[in-house]
Amino acid sequence: MEYKFQDIEKKWQDWWTANEIYKVSNDSAKPKYYVLDMFPYPSGKGLHVGHPLGYIASDIYARYKRLKGFNVLHPMGYDAFGLPAEQYAIEHGIHPAVSTKQNIENFRKQLDRIGFSFDWSRQVSTSEPSYYKWTQWIFLQLFKSFYNRQTKKAESIDSLIASFEKEGNSNHPIPNSQFLIPDSDASTFTADQWKMFTEKHQQDILMEYRLAYCGYGEVNWCEALGTVLANDEVINGVSERGGHPVVKKKLRQWYLRITEYADRLLGGLETVDFSEAMKEMQTNWIGKSYGAEIDFRIAGSDEKLRVFTTRPDTIFGVDFMVIAPEHELGSTITTAKHKDEVEQYLAWVKSRSERERMAEKTISGVFTGGYAVNPFDFREIPIYISEYVLAGYGTGAIMAVPSGDERDFKFAKHFNIDITNILGDKFNGEEANPTKDAELVNSNFLTGMLMRDAIKVVMNDIENLGYGKAKVNYKMRDAAFSRQRYWGEPFPIVWRNGIAYPLDETELPLELPNVENYKPGPEGEGPLANVKEWALIPIPSPSMEKGASVQQRLGDDAAGAKNFGAVPKYSVYTPMQYELAKNMRKNHTEAEDLLWQQLRNNNLGIKFRRQHPIDAYITDFIALQEKLIVEVDGGYHENEEQKLYDENRTNVLKEIGFAMIRFTNEEVIGNINSVLNKIKRELQKNKSQQKEVGSSQTPLSIHGEGLGVRETNTMPGYAGSSWYFLRYMDPHNNDEFCNKKASDYWNQVDVYVGGTEHAVGHLLYSRMWTKALFDLGYISFDEPYKKLLNQGMIQGSSRFVYRVVPHFYINDKLHQSRPLKKPLFVSYKFYKEIQEESDKHYTENYGYSPDKINVEAYTKILIQIESEEKEIFDGHAPDFSIQKLHVDVKLVDGVDLNMEAFRNSKPEYKNAVFICEDGRINAPLSIHGEGQGVRYICGTEVEKMSKSKFNTVDPSDLVDKYGADTFRMYEMFLGPVEQSKPWDTKGIEGVHRFLRKFWRLFYDEIKGKIWNEEKATGAELKVLHKAIKKIEEDTERFSYNTAVSAFMVCANELADLKCSKKEILEPLVIMLSSYAPHIAEELYHELHKASSTGGGLGEASVLDAAYPILNSAYLVESSKQYPISVNGKLRTTLNISLEASQQEVEEIVLGNDVVKKWLDGKTPKKVIFVKNKMVNVVV
RNA sequence: GCCCAUGUGGCGGAAUUGGUAGACGCGCCAGACUCAAAAUCUGGUUCUCGCAAGGGAGUGAAGGUUCGAUUCCUUUCGUGGGCACCA
């Protein structure tokens, strides 16, 4: 009976599916274990051997834990939103949902063949509405939360509002923001002020607190992709995907306030088992630094220049100050004399792209003419502007200490600024010394102090004297959370009059509409902005009625306003409200009628509307296009309360972009012409202002006034992946993102397997989401992943052929270089030979000189060329070059090119001629040179695995040829999971041989079944238990390559012992099942089916077997073959009892002939004896 | 430039705590089976001197600590990855 892996694998895969063997219950008495893979983006390219590596590693672990008695969650799904699907849609006109579905099916088919133990009933896909419903829901939770710095956790925004109403924002100052708030001088306010703010103003302020917020800031804009990118998606000034240039641009964007979590993200790293490299990367990305903010008075002014420094101890070494070009103080401190120069410099800086700035690090800057005053010694310090100071970090200004900082030093040298040496002889005047261990000199009261200690001293003084304060800074920025793209989660947000209203949770999911094309919308909006019927709210939205802020204002405002709703066409209030309002305003005054006549006559050439609703108000007259409102006071606007209400309403309308002009009844009736003139003037003024305003902060202006408009950006790729590990726990729940009981049971992911490429992206974001969900009480752990295992990349091993390209001459001139009619290839040896020779002789010229190079290959090639095309050199010295070409690895066996297959691979290679490794020629259809041992050897190189390099290997091919079990084991056998290593298909034979050998322990090709139920001997049990020990330990620590090797050793030893006993084989089968599940399942069933003792187990899966238990009694040895060294050099080995004492060992060893020989008659000084290890005789 | 990994036969790699360097597999060599080939099996395989017994060298390089170093320390070189004016 032979090992028919195809039949076996098919049979058991079907059986597993039919019996739902991998289905996991949330309800189990067993302890839980959660093994998670980073879910894949279902690309259209299909799998290569690198992709399943991590999945196999996790699968082995999941199966191992199941055998160990755990209830194991091991799910799989798809990260299905993203750019490539959309790009593909643009190019091929196929809807992303369709291509994504196809890709998923294709992926699944490939994965299924490898025999994973995924519970597919829990599959999730981020682009499914049933999934992104909850992504949107979590977004809303973030939107409705703020980070309470006092309790250090996320809390409901309602509690913040409550606190504002009670005490203003004194206890919750606005967190650091990258954005300019309208009316930004109102960064602190009292409870009374808060209550007086308009809704718009209040909401703008709340936006500065929300964990998910919309702001107007500098973003990485990629023109080619038509979207904004997060910082980690930009590498060296170009996009990570596609390498397109990226520029800084101010745009309206959504952000996650991840910076509030910086400290907890940092601290959490200590509680998780990530690799040091991974922790390091995240730590660097967060970039926490301790220092001080110090205020420097500006000479001759009341202004202060605030700088951030980590080295306050160097305060007496400050020789100049530098501010960023964008720094707001730049214009005030620049003196008249330097104005032109400064402006020129700023213009130059602006003209440079981010990329140029990064590429060339030239020293540039300009003196402002202004001086700052050192608070400690009152020295006046010149202030410069330079690019090297970044506006976004610290305060955008630095105190420069050229003796201690390299950049400051270079700057000082460049601008000839005198350098104060505060380091004494630790500073050589030629380069800065950033040490903290020098003794300070020239430093006033700090002189003689060690810098390290001085930091604390100065810090104290700074705080006590009020010069500044201790400050912690982070490199990390808030994460840009919106993309101007189609294929992503829509934001559950509706904009109206500049306010973002969250959708009600009952309205989720907000589904993506179908679109015709994927072009970006206007003003940097996403493609969804083109879908008017989706983006404009056609029907009243319950969320608008329910919006807390709306309710609140309606309640607080004057009673009359309550019922002033708006028609659905322009707003989202109910029709009922509108009717009510209209009725109340039925009785128009004389003045109103008079003005309406004039305006309707179209005297001004523009269209006015009467009694038109805007926001929650009804206006008297309005020019919609021109955004001008004209109000005539009726007879009932006299009491104070009404006036206040009017003012408030004027402000609100102003904020949403309308100018307001007010007349009294008397004015209108008394002098209607002057009133019309005033309106005319106002219209003109308004026009010119509107031009300046430019692009709006909200999508509102694009679509017209007063409309409710959906947010038309979509969420980035990392939105769905930030929480998917929770959805697996409760994937079909339609009422919650994940039931708390389920998340309490499954808890943290015990092992998370994936690549390092997500170190600062996905991993940080999902850690933040987890912390936020924890804070808000939805889950009970605040780190998602307990242990992270990073699999290495499998690199491709490329093969090359070397084509000879002769240079043709016609009429004394080099005509062209082209391959011969019968393309000529030389074997690697000759290529190398020629390469070396030519390198030796001609490092400057290309080409080869016949009179200098006299190598075998050269002659051979020439003979070959000349035999084909004699006129080729036209009397010139023969000349040619050699092209290195990628050849498909499928045409190569190891390094041996399959010449026949190569000829058939492309029409132009049909007549290819090879100069083979031994110098013989292999030409098509010629007997000459063909036959045994003619080999064409390819060159090899390790590169990234990619289709364009023809070095991809399709797992399906290997599964066809060797089976899934072999494939799985070989991927693991290749080397440590964490390490990157090149793929080499050749070695797979060895693993396949092992499985066949293992099979032969059970079945003989002729005799059939040979396994038996005889009692095992001590030697056999020793082999078994040695294997159990090694394999269990290795599996536990993910050292799969050595575990596979232990299986091999064990099989080899059992074969030597001719052992085919069930007592030995069954435990091995169970252990093997996590590595090679199919063969193990087959053998397990066979062992039980035909067994006299285990007949009842015939239909039990090996998956439900128990892991064998190590009995170390079988491993006990009575003696050991000790290595015996003399002076540390191994000379012999001796079998000595483990019982032997030091004295006995010494006697035996010193009595040994070999040892005696090496002692050469001398007496040993010492005999070192380590029990069970070694003996070393020291002379 | 800074930070972090990493360097072992022809190749992938092993040596878990400082204790016989090269497990296991590929490749290669020899042999068995075969008319022959493939497949399979058996043996050998770090380099070097030697017929052998046996010696010498050897974990990127140079030093050090130690009875003993692939393992720890210092310096240095190569490769891979991360960050890059972060004050």
Side-chain angles (χ1 to χ4, degrees), chain A residues 235-236 275-285 287-289 291 307-311 314 322 357-358 361 363 386-390 392-401 404-408 410-411 434 473-476 756-757 759-760 792-793 795 797 894-895 932 940 969-970 973-976 978-991 993-994 996-997 1000 1005 1030 1033-1034 1037 1039 1041-1049 1052 1055 1120-1133 1154 1157 1164-1170 1172-1179:
Chain A
I235 292 156
N236 288 331
S275 70
E276 285 308 310
M278 180 63 62
K279 288 183 180 179
E280 179 87 17
M281 259 190 257
Q282 294 203 2
T283 305
N284 284 343
W285 186 261
K288 185 177 187 174
S289 56
V307 301
F308 174 71
T309 179
T310 54
R311 296 295 302 275
T314 61
V322 188
R357 217 177 65 81
M358 280 181 166
K361 283 180 203 160
I363 297 163
S386 173
E387 279 196 293
Y388 88 88
V389 173
L390 306 174
Y393 184 78
T395 61
I398 61 154
M399 54 178 234
V401 183
D405 184 283
E406 197 52 45
R407 292 155 306 178
D408 297 346
K410 283 187 180 143
F411 193 87
N473 258 321
Y474 299 92
K475 273 196 252 182
M476 185 167 67
T756 29
E757 64 272 20
V760 292
M793 265 217 308
Q795 291 140 326
S797 182
V895 291
Q932 235 182 307
T940 64
M969 285 195 98
Y970 182 55
F973 186 58
L974 226 42
E978 303 94 319
Q979 220 169 75
S980 289
K981 58 245 157 189
W983 179 263
D984 172 25
T985 302
K986 266 249 113 123
I988 199 169
E989 306 264 1
V991 174
R993 242 167 259 164
F994 155 73
R996 285 216 305 261
K997 194 169 196 170
R1000 279 203 305 274
E1005 288 196 22
K1030 176 83 179 147
E1033 280 173 5
D1034 286 353
R1037 64 188 175 101
S1039 178
N1041 55 330
T1042 51
V1044 173
S1045 126
F1047 276 117
M1048 291 173 168
V1049 171
N1052 288 344
K1120 180 184 166 71
Q1121 197 71 26
Y1122 277 94
I1124 314 295
S1125 304
V1126 178
N1127 280 339
K1129 275 200 165 140
L1130 180 75
R1131 293 304 174 190
T1132 186
T1133 58
V1154 180
K1157 181 183 131 197
K1165 281 192 199 126
K1166 215 194 310 185
V1167 176
I1168 291 157
F1169 167 60
V1170 183
N1172 208 6
K1173 292 275 187 212
M1174 43 60 73
V1175 181
N1176 189 14
V1177 182
V1178 186
V1179 186

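Chain letters run A, B, ... following the sequence lines, proteins first and then strands; every chain starts at 1.
Contact annotation: A:Q979 reaches the phosphate of B:G13 (side-chain N/O to OP1 or OP2, under 4.0 Å). Distances shorter than 4.0 Å separate some side-chain N or O of A:N1041 from OP1 or OP2 on B:A14. Taking only side-chain nitrogens and oxygens, A:R311 never comes nearer than 4.0 Å to OP1 or OP2 of B:A87. Phosphate contact (OP1/OP2 of B:G25, side-chain N/O of A:R993, threshold under 4.0 Å): absent. Proximity of A:N1172 to the phosphate of B:G19: no side-chain N or O atom is located under 4.0 Å from OP1 or OP2. Considering only side-chain N and O atoms, A:R1131 lies nowhere under 4.0 angstrom from the phosphate OP1 or OP2 of B:G68.
Using a 4.0 Å heavy-atom cutoff across all strands shown, A:S289 reaches sugar-phosphate atoms only and no base atom. No engagement by A:E406 is indicated, since no non-hydrogen atom pair under 4.0 Å with the nucleic acid exists. A:V1177 comes within contact range of no nucleotide atom at all, as no heavy-atom separation falls under 4.0 Å. Residue-level contact check: A:K1157 touches the backbone only, with heavy atoms under 4.0 Å from sugar-phosphate atoms and none from bases. Within 4.0 Å (heavy atoms only), A:D408 reaches no atom of the nucleic acid at all. Using a 4.0 Å heavy-atom criterion, one finds that A:I1168 contacts the bases of the nucleic acid, with or without backbone contacts as well. Among the protein residues, A:Q1121 comes within range of the nucleic acid bases, having at least one heavy atom under 4.0 Å from a base atom. Nucleic acid contact class of A:D405 (heavy atoms, under 4.0 Å, all strands): none.
Checked against B:C24, B:U40, B:A87, the side chain of A:R1000 finds its nearest nucleotide in B:U40. The side chain of A:M1048 has B:G25 as its nearest neighbour among B:U20, B:U16, B:G25. Counting only heavy atoms from C-beta on, A:P982 has its side chain closest to B:G12 among B:A15, B:C83, B:G12. Closest approach to the A:L390 side chain among B:G12, B:A87, B:G19 is made by B:A87 (side chain taken as heavy atoms from C-beta onward). Listed nucleotides B:C24, B:A15, B:A14 differ in distance to A:P976; the shortest reach to its side chain belongs to B:A14. Distance from the side chain of A:T1042 is smallest to B:A14 among B:C85, B:A14, B:G19.
In this structure, A:M281 atom CE and B:A84 atom P are separated by 12 Å, rounded to whole Å.
Here the two rings, on A:W285 and A:Y474, have centers that are 6.0 Å apart or farther.
Enclosure of atom NZ in A:K410 is not indicated, since only 12 or fewer non-hydrogen atoms of other residues, nucleotides or ligands lie within 6.0 angstrom.
In summary, the side chains of A:T1132 and A:Y1122 do not present any donor paired with an acceptor at a separation below 3.5 Å, with no hydrogens or angles considered.
Between A:K1129 and A:K986, the residue whose closest nucleotide on RNA chain B is further toward the 5' end is A:K986. Residue order along RNA chain B, read from the 5' end via each residue's closest nucleotide, puts A:Y970 first among A:V1154 and A:Y970.
Using Watson-Crick or G-U wobble geometry with both donor-acceptor distances under 3.5 Å, B:C28 finds its partner in B:G44.
Between A:T314 and A:M399 the shortest side-chain heavy-atom distance falls below 4.5 Å.
One N or O on the side chain of A:N1127 and one on the backbone of A:V1179 form a donor-acceptor pair closer than 3.5 Å.
With hydrogens and angles ignored, no donor-acceptor pair under 3.5 angstrom links the side chain of A:K1173 to the base of B:U17.
For the pair A:A1046 and A:K1030, the tightest heavy-atom approach, listed with the atom from each and the gap, is CB-CG, 3.5 Å.
B:G44 and B:C26 have their C1' atoms separated by 16 Å, given to the nearest Å.
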